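Here is the structure we will look at, set down as structure tokens.
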Amino acid sequence: MQYDNNKQSNFNSVNNNNRQYENTGMDNTGNDSFTLGRGNDEEFSMNHPSSPTHFHGVTVIDNENDIEIHDYSDSSSTKGYHTEPFSKPTTIEGANITLNQEYFDNTKHQPNNNNNNNQLSLSHSVSFETASTLNILKTLKDATTVEQQIKEAQENTNSGAPALFKWISEQRFVWTYLSILGLIGGFIAFSHDMLVEYIFKGRLQMIDNFGNDKSSPSNIIALQMFLWIIYNLIFVVFALLMTALISPAAEGSGIPPVKAILTGVDSLRDPLSFKTLMVKVFCLPCVLGAGMFAGKVGPTIHIGACLAEQLLRLKIFEGIRKNKSLRAQMIACGCAMGIGANFGTPAGGVLFALEAVGTYYSLRNYLKSFYVAVFAAFTSRLLHCAVDRSLYILPNWIVYFNVPSYTIPDLIPYAMLGVVMGFLGVLFTFINEKMLLLRDKIGNYYLGPFKFGKLFGKKYLVPLQNKFLWAVFICIVTSIVTFPYFIGKFMSLEVSKTVEDLFLSKPLLPGNGAKGEWTNVDSYNAELFKNLTLFVLIRIIVSTLTVSLPMPAGIYVPLLVMGAGCGRLWGEFVAFVFPNGFGNGVPVNAGGYAVVGAVALTASSTQAFSTVFILLEVAGIGVYLPSLMAAIISVKISRALYYSIYDSIIKIRGWPAILETQTDSEDLRVKDIMNYVDTLVVLEENTTFQELKNIFEKRKVLPKTFPIVNSKTDLFLLGTISLKKLQELYELKKELIMADLNINRDSSKQTYWTTASHTVETDEGSNSTNNLSRSSSINSIELEDTEYARRKREQIILDYDTCQIAIAEDTPAIIAHLLFSQLRLDDVFVVWMGRLIGQLHREVLIKQIADRNSKFKR
């Protein structure tokens, strides 16, 4: 619009680019006033009332050197004004003026009081040559000041009881939520303990009805073993069917999908669904009660995360759910709650949840995690006390050590144990990965190599799948080796009693409190080494095969029992070699070696150093420092050679999770791995329908976010627009164009029939009518094509968002890793001096890091 500085009559009506400035009379200052509008595509409409002392809307005032835009709500109140100096004459090309009105409820200002407190925000979308950056920044600053003063005025007005209620609502009931989460989680953990205990007791009581001694006749022992196997199979088959038919996402540990979700993989829905929660809650005690070599730490963490997600669906916690960051914190709290309720070790549980589940962790969530973990631990242990009718809160595992339980020479065999456990943890992770890959390859086939054609994948054929039959076979093998009259009662003990025996600081004899028949007094060393070796081998082999089965099965406890067995075996060997200790008369404590072995193996496979603190809360500080030393050694070996067992599962599943693996190096930078701008779909802020049509109809793969630039030559990054928003705009514009074309087509048809009827009334003959009909049809088509071509070239102003995050091309990959993980980004744009030069995607970053890791490890 050309702004002319001649007499005021020139301003009666000025039109430019479908925008209109209309003279509406005089305001109370004596200046001409103008109303802002936009022709047919009306963006906003503001009209003055008839009274010259009362204005609603926007008033444009012509001064000597500038244009003032005023807003008056009544004769005694000025809602604000903004002055943007434009020298006259001047041209504003393609101006898009946006006015954001803020109202004071209890504050009055006099008209024409040009105080900064009354300023409105005014933004211009103009070319870079005409934009005044200082004026824009001043406007933004003034608008922020006004908003702050409005908030303060509202807070002063709403002081007292309303302010208290507002404060309560803003807390989003976080602590109420955490209390409910801890209460329910503690009850679930207690219920699982009781169910597993009664399933174990029922199985033993069933076979004891036929005799409880190895000296029973062989046919009685065979019958007992048969009943033992069938009893276990009932529970395992139930768990397998529930998992396969209702929620396959409930299989395994559950930590890998939760870790992927917490690192930004929001596309995973099933792992935190209600059906997954139900399957995990009901099937986990069945698997553990059947005596399978599986754990409950990972599944309990998974249950805690699912429970946290489902509680957020309640309306009272809607504020938490809508806050993306706070929702992730609550899921992390659910993970900490799982371990706290499981072992009664809240401190170790929180630290393990940080390491095993989260890549980066916010300290603001520390107190919340500890609170819910302690709440769940108290709930679980108090319920156990109520059942046992005890006034003492006892831990899950009762372990006693003298302080200290080692000597300085013991540190050498402790370090050697840490090295061995480090390599064993890597081997266990490697074998588990290969078993999962093999299961994915042939596990869905039926009865071996058969696919059953069109019946492939039918749910009623699940019992014939290879992975189902393999799980049944492993259950039978486990039932045989754990039968108390086959190898020994030490194989059929519950996990808690097995761990207590292995951690025993005295010789493994019934008189010292051992629950299993590990050895006897007459041939202590011979029997003990044989039974411990058999126990370790069976545990390693069967546990490796069990944790990959398609049912709820944890990894942590099998690793702990394997490590405790290996440590006890090594400790007994050291005690045998040095019967009087290391020359000081203090005997070697084999139970201390069992604790260190358990810590080292779990730390190696999970690559979580915090396992030390879980065992610290269980066993005390008797072997605390040797445990720390062995854990450091095993974790360093594991990280140098392979992934953690949870990260390996994430890698197999192909989830785009940002993992903390070898990103410490700063030689890998964003410019080395980004997609350059010539490969991106870039839009200008003023685009056309034809360009949108080419994007949505000719491209098969579309990004989630499009960059908006000032021009495709300058490439100054102005903002972004989402795929969903752009698609909605395209569909709306397409409907409007097609509707207009249909109206024009109907109008052309009406004209044609009217003309044709007049032609028939004349005596020119049918030939002239046909010629006229054909000519009208051709003209109608040509007009329609011309109109469509014109509409396709119309300018569309995109309503884009500010690009809140952009990074420089020299940014190290470790910084990009942090941004993607903490802010849960899918992609980020790369700029050089404000100009768009590329885009970095989450998948690209993951692939590059994984490739570097594989090269490093080879």
Side-chain angles (χ1 to χ4, degrees), residues 255-256 259 297 348 351-361 406 408 410-433 540 544 555-556 558-560 562-567 570-571 592-616 619 621 623-651 657-668 813-814 817-818 821 849-858:
I255 291 180
K259 183 173 184 177
V297 172
L351 296 176
F352 184 79
L354 303 190
E355 284 196 274
V357 179
T359 302
Y360 294 102
Y361 200 81
Y406 63 95
I408 294 177
D410 279 309
L411 295 177
I412 297 176
Y414 278 139
M416 296 171 64
L417 179 62
V419 172
V420 175
M421 292 300 99
F423 285 105
L424 182 59
V426 172
L427 179 63
F428 182 86
T429 302
F430 178 79
I431 295 176
N432 178 73
E433 181 178 338
I540 291 176
T544 305
I555 298 172
Y556 182 85
L559 288 168
L560 188 146
M562 288 162 48
C566 293
W570 177 245
Y593 283 83
V595 173
V596 174
V599 168
L601 186 57
T602 53
S604 172
S605 189
T606 64
Q607 294 184 2
F609 184 74
S610 56
T611 56
V612 176
F613 305 104
I614 296 178
L615 271 298
L616 171 64
I621 62 172
V623 287
Y624 177 48
L625 289 178
S627 298
L628 290 173
M629 178 186 66
I632 291 174
I633 293 172
S634 62
V635 169
K636 288 295 293 181
I637 292 174
S638 177
R639 291 191 177 186
L641 297 177
Y642 215 60
Y643 303 96
S644 75
I645 194 165
Y646 303 129
D647 290 355
S648 69
I649 295 175
I650 292 176
K651 183 169 67 77
I658 302 292
L659 305 176
E660 188 184 10
T661 48
Q662 299 294 329
T663 56
D664 295 336
S665 175
E666 294 195 0
D667 59 342
L668 180 64
I814 184 174
H817 179 282
L818 178 63
S821 178
I849 293 175
D851 291 344
R852 287 170 61 87
N853 290 342
S854 60
K855 292 177 182 179
F856 172 76
K857 287 168 184 176
R858 285 198 297 266

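Since this is a predicted model, take the numbers as computed values, not measurements. Scope of the values below: all heavy atoms of this structure, side chains included, with no hydrogens, waters or symmetry mates.
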*Any chance you could measure T606, atom OG1, to Y556, atom OH, to the nearest 0.5 Å?*
7.0 Å
*Heavy-atom pair of closest approach, residues I555 and P558*: O-CD, 3.2 Å
*Looking at CG of L641 and OG1 of T429, how far apart are the two atoms once the value is rounded to the nearest 0.5 Å?*
10.5 Å
*When you look at CD1 of I412, are more than 12 heavy atoms from neighbouring residues, nucleotides or ligands closer to it than 6.0 Å?*
no
*Please round to the nearest 0.5 Å and tell me the distance separating atom CG of L625 and atom CG of D410.*
13.0 Å
*First locate atom OH of Y593, then atom OH of Y414, and finally report the distance between them rounded to the nearest 0.5 Å.*
5.0 Å
_Tell me whether F430 at atom CZ has more than 12 heavy atoms from other residues, nucleotides or ligands lying less than 6.0 Å away._
no
*Point-to-point distance, once rounded to the nearest 0.5 Å, from NZ of K259 to CD1 of I649*: 11.0 Å
*Non-hydrogen atoms of V599 and T611 that approach each other most closely*: O-OG1, 3.6 Å
_Please determine whether side-chain contact (heavy atoms from CB on, under 4.5 Å) holds for the pair I540 and F428, giving the CA-CA distance in whole Å, both sets of side-chain angles, and the decisive distance to 0.1 Å._
CA-CA 8 Å; I540 291 176; F428 182 86; 5.7 Å; no
*Supply the atom-to-atom distance Y642 OH to L427 CG, rounded to the nearest 0.5 angstrom.*
11.0 Å
*When you measure from the side chain of S610 to the backbone N and O of F613, does any donor-acceptor pair fall under 3.5 Å?*
no
*Any sub-3.5 Å donor-acceptor pair from W570's side-chain atoms to P413's backbone N or O?*
yes
Using a 3.5 Å cut-off and no angle test, enumerate the donor-acceptor pairs between side-chain atoms of residues 626-635 and protein atoms at least two apart in sequence or in another chain.
{"from": "S627", "atom 1": "OG", "to": "V623", "atom 2": "O", "distance (Å)": "2.7"}
{"from": "S634", "atom 1": "OG", "to": "A600", "atom 2": "O", "distance (Å)": "3.1"}
{"from": "S634", "atom 1": "OG", "to": "A630", "atom 2": "O", "distance (Å)": "3.1"}
{"from": "S634", "atom 1": "OG", "to": "A631", "atom 2": "O", "distance (Å)": "3.0"}

*What are the two closest non-hydrogen atoms of C566 and M421, and how far apart are they?*
CB-CE, 3.6 Å
*Partners of Y646 by ring-ring contact (aromatic ring centres under 6.0 Å, His included), sequence neighbours excluded?*
none
_Any side-chain donor near an acceptor of the partner, S648 and E433, under 3.5 Å_ = no
